[in-house]
There are 2 protein chains.
Amino acid sequence: MERELLLLGLLQQQEMHGYQLHEFIDSYMQTCVDLKKSTAYYLLEKMAKDGFITPSEEREGNRPTRQVYSLTPAGETRFLELLRENLSTFLPALFPGDTGITFLDKLPQSEAIALLQTRREALAAELDRAEKAPVHTGSLQLMIEHQIVHLRSELDWLDHVINHLTEQA
Amino acid sequence: MERELLLLGLLQQQEMHGYQLHEFIDSYMQTCVDLKKSTAYYLLEKMAKDGFITPSEEREGNRPTRQVYSLTPAGETRFLELLRENLSTFLPALFPGDTGITFLDKLPQSEAIALLQTRREALAAELDRAEKAPVHTGSLQLMIEHQIVHLRSELDWLDHVINHLTEQA
DNA sequence: ATCTGAATAGTCAAATTTGACTAATCAGGT
DNA sequence: ACCTGATTAGTCAAATTTGACTATTCAGAT
C-alpha cells in the first residue's frame, strides 16, 4: 500500500514518467521503500486502470515517446486517503539482519565477531552517506533526519553487541 | 533469503511442521521477518525439493498426518552459508511509515498532529508489549533487546516530530 | 566518422507472496 | 449427547514482485 502512496505523492507534486519516478525513489527514498523498476511500471499501469492517474504521450528530443502520468481528481482523493491511513498507523520496520542475530550462537564467537565487523563497516558507510547527503526542503528532510537518527542508533547497538561478544572471549 | 535462513535455523534446533514454524515466527519474530503461513508452506516445499530438508509423516492423537521437516546435511551447510552471509551484510530496515512522513506537509498541521498522535499510541503499545515479553535465552534475547532499543528510539523521534509540529502551530 | 560504454525507458516470464478458503479436531458449556 | 467457537493444519487461485532481457539514444574517445 505504501508503494502506491509514494507514487501518488510524487505525482501529486509534478507529473512524471515511470523511469523518472523510479530514479527518484531509488536515489532519495531507498530507505523507506524498496521499489524495483518493474514494480513501479506495474503499479502505474494498475493505478491508471483504477482511474487514479492518467497517462499522456510525451516526446523529448529524438527519444521514443513515453507515458507521462498525472493525478486525476480520484487520484488526489486516493492519495489523501492513503496518506491519512499511513500517518495514523504504526507500521513496524522489519529487520532482516536480526534473523542472523537470532542464530549468532551457532557460530564460534571469533567468527561471529569477524562477520559482524564486516557488517559494521557497511553500516558505518551507510551512515556516512546519509550524513553527507545534501539538505532537502520540507518533509522529505524530516525523513532523511529520521534515517540518520536510526542509523546512529543501529551503529551504537551493533558496537554494543560486538563488545559484548568480545568480552566473552 | 532471510526467510529461508529463519526456517532452516529453527529446523536446525528441532524438527517441526509448517504450522508450528509459522506459529513460532508469528509470536516471537514478527519484528524481524513477516512470514505468512502460506509463504512458510511454499518455502518448505521448495527447500524440500532442493534437498535442504526432508519431510516425514507424523501423526499426533487422532489428527490427520502432517509433514514434519528436519534438516539434511546439505541443509546444515546451507544454513551456515546463509547465516554467514546475513551476519556479514548490512541489510537496512525499511520504514514504510516514512512514506507518509515524506508527505506530511500535504495536510494541515492540526490534522497531521492528530494522526501522528494515533500512531504514537500504537507505537507506545508495541513498546510496552516488547518490554513485558518474557526473557528468552541465548541469541534470541539479543534480538528482542534490539527491538526494544529500536522502539524506544522510534518513540523518542516521533515525540520530537510531534513537538516540532506543535510548536509551529 | 565510428566505436564504446553509460544512461534512458521500458517488457516479460518466472518466482514469490498473499488473502481467502477448507476441513478436521478439540474444549467447554448446556 | 450436542452445539459452538477456537485451534490446528493446511490448499489454492490470484496478486504482486523480481531479475533478466531488449532496444534506443547520448557523450566522449579515437
Side-chain angles (χ1 to χ4, degrees), chain A residues 1-8 10-11 14-30 32-50 52-53 55-70 82 91-92 94 96 99, chain B residues 1-8 10-11 14-30 32-50 52-53 55-70 82 91-92 94 96 99:
Chain A
M1 205 91 294
E2 76 274 357
R3 286 151 132 102
E4 294 187 18
L5 170 59
L6 180 51
L7 291 173
L8 290 174
L10 293 177
L11 290 176
Q14 60 176 304
E15 49 172 47
M16 295 200 231
H17 55 93
Y19 191 80
Q20 212 175 353
L21 284 161
H22 172 254
E23 273 303 284
F24 184 89
I25 293 171
D26 214 43
S27 37
Y28 297 110
M29 316 206 47
Q30 60 307 43
C32 59
V33 183
D34 176 27
L35 186 66
K36 301 293 191 293
K37 202 149 37 88
S38 29
T39 307
Y41 284 109
Y42 165 76
L43 289 175
L44 288 172
E45 217 168 303
K46 198 189 66 157
M47 292 194 298
K49 203 191 65 196
D50 291 344
F52 298 133
I53 59 182
S56 67
E57 305 249 309
E58 247 192 32
R59 169 186 297 264
E60 173 147 9
N62 226 347
R63 305 189 140 279
T65 63
R66 47 192 186 189
Q67 305 300 312
V68 176
Y69 291 95
S70 53
L82 290 178
L91 294 158
L94 298 178
T99 309
Chain B
M1 206 89 296
E2 73 276 357
R3 286 152 134 104
E4 295 187 19
L5 170 60
L6 181 51
L7 291 173
L8 289 175
L10 294 178
L11 290 176
Q14 60 177 305
E15 48 172 48
M16 296 199 230
H17 54 93
Y19 191 80
Q20 212 175 351
L21 283 161
H22 172 253
E23 274 303 285
F24 185 88
I25 292 170
D26 215 42
S27 37
Y28 296 110
M29 316 206 48
Q30 57 311 39
C32 60
V33 184
D34 176 27
L35 185 64
K36 302 292 192 296
K37 200 148 42 82
S38 29
T39 308
Y41 284 110
Y42 165 76
L43 288 176
L44 288 172
E45 218 168 304
K46 198 189 67 157
M47 291 195 297
K49 203 191 66 194
D50 291 345
F52 298 134
I53 59 182
S56 66
E57 304 250 309
E58 247 191 32
R59 170 185 298 265
E60 173 148 7
N62 227 346
R63 304 188 141 280
T65 62
R66 49 194 184 187
Q67 306 300 312
V68 177
Y69 291 94
S70 52
L82 290 178
L91 294 158
L94 298 178
T99 310

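Convention: sequence-line order gives letters A, B, ...; per-chain numbering from 1. Hydrogens, waters and symmetry mates play no part in the numbers below; they use all other heavy atoms, side chains included. Quick caveat, the model's predicted, so the values are computed rather than measured.
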Legend entry - Side-chain donor/acceptor of B:R3 to backbone N/O of B:T39, under 3.5 Å: no
Inset, instruction - Give A:K37 one of three labels, base, sugar-phosphate or nothing, depending on what nucleic acid heavy atoms sit under 4.0 Å from its own. - result: base
Legend entry - Any B:K46 side-chain nitrogen or oxygen under 4.0 Å from OP1 or OP2 of C:dT16: yes
Inset, instruction - Tell me whether the OP1 or OP2 atom of C:dG10 has a side-chain N or O from A:Y19 closer than 4.0 Å. - result: no
Inset, instruction - Go through the N and O atoms of the side chain of B:K36 and the base of C:dG19, and report whether any donor-acceptor pair is under 3.5 Å. - result: no
Inset, instruction - Measure from CZ on A:F24 to C1' on C:dA7 and round the result to the nearest Å. - result: 19 Å
Inset, instruction - For C:dT18, take OP1 and OP2 only and decide whether either is under 4.0 Å from a side-chain N or O of B:R3. - result: yes
Inset, instruction - Let me know the distance between CG of B:D26 and P of D:dT7, rounded to the nearest Å. - result: 13 Å
Inset, instruction - Write down the distance between CE (B:M16) and C1' (D:dT8), rounded to a whole number of angstrom. - result: 16 Å
Inset, instruction - State whether the number of non-hydrogen atoms from other residues, nucleotides or ligands found under 6.0 Å of B:E45 atom CD is greater than 12. - result: no
Inset, instruction - Check every strand shown and say whether B:Q67 touches a base, only sugar-phosphate, or nothing at a heavy-atom separation below 4.0 Å. - result: sugar-phosphate
Inset, instruction - Using the closest heavy atom to pick a nucleotide of DNA chain C for each, name whichever of B:L35 or A:E45 lands nearer the 5' end. - result: A:E45
Inset, instruction - For D:dA23, take OP1 and OP2 only and decide whether either is under 4.0 Å from a side-chain N or O of A:R66. - result: no
Inset, instruction - Measure from CE on B:M1 to C1' on D:dT17 and round the result to the nearest Å. - result: 15 Å
Inset, instruction - May I ask you to say what A:H22 touches in the nucleic acid, namely base, sugar-phosphate or nothing, with a heavy-atom cut-off under 4.0 Å? - result: nothing
Legend entry - Distance in angstrom units between B:L43 CG and C:dA15 P, rounded: 14 Å
Inset, instruction - Output the single nucleotide from D:dT18, C:dT18, D:dT17 whose closest atom is nearest the side chain of B:D34. - result: C:dT18
Inset, instruction - Check the distance between D:dG10's C1' and B:L44's CG and give it to me in whole angstrom. - result: 12 Å
Inset, instruction - Measure the spacing between CG of B:D26 and CG of B:L21 and express it to the nearest 0.5 Å. - result: 12.0 Å
Inset, instruction - Enter the distance from B:L91:CG to A:T99:OG1 here, rounded to the nearest 0.5 Å. - result: 8.5 Å
Legend entry - Whole angstrom value for the distance that separates C1' of C:dA9 from OH of A:Y69: 12 Å
Inset, instruction - Name the orientation class of the two ring planes belonging to A:Y19 and A:H17 (parallel below 30°, tilted from 30 to 60°, perpendicular beyond 60°). - result: parallel
Legend entry - Side chain B:S38 and base D:dG10 donor-acceptor under 3.5 Å: no
Inset, instruction - May I have the distance from A:H17 (atom NE2) to C:dG10 (atom C1'), rounded to whole angstrom? - result: 11 Å
Legend entry - Selection from D:dT11, C:dA15, C:dA7 that lies nearest to any side-chain heavy atom of B:Y42: C:dA15
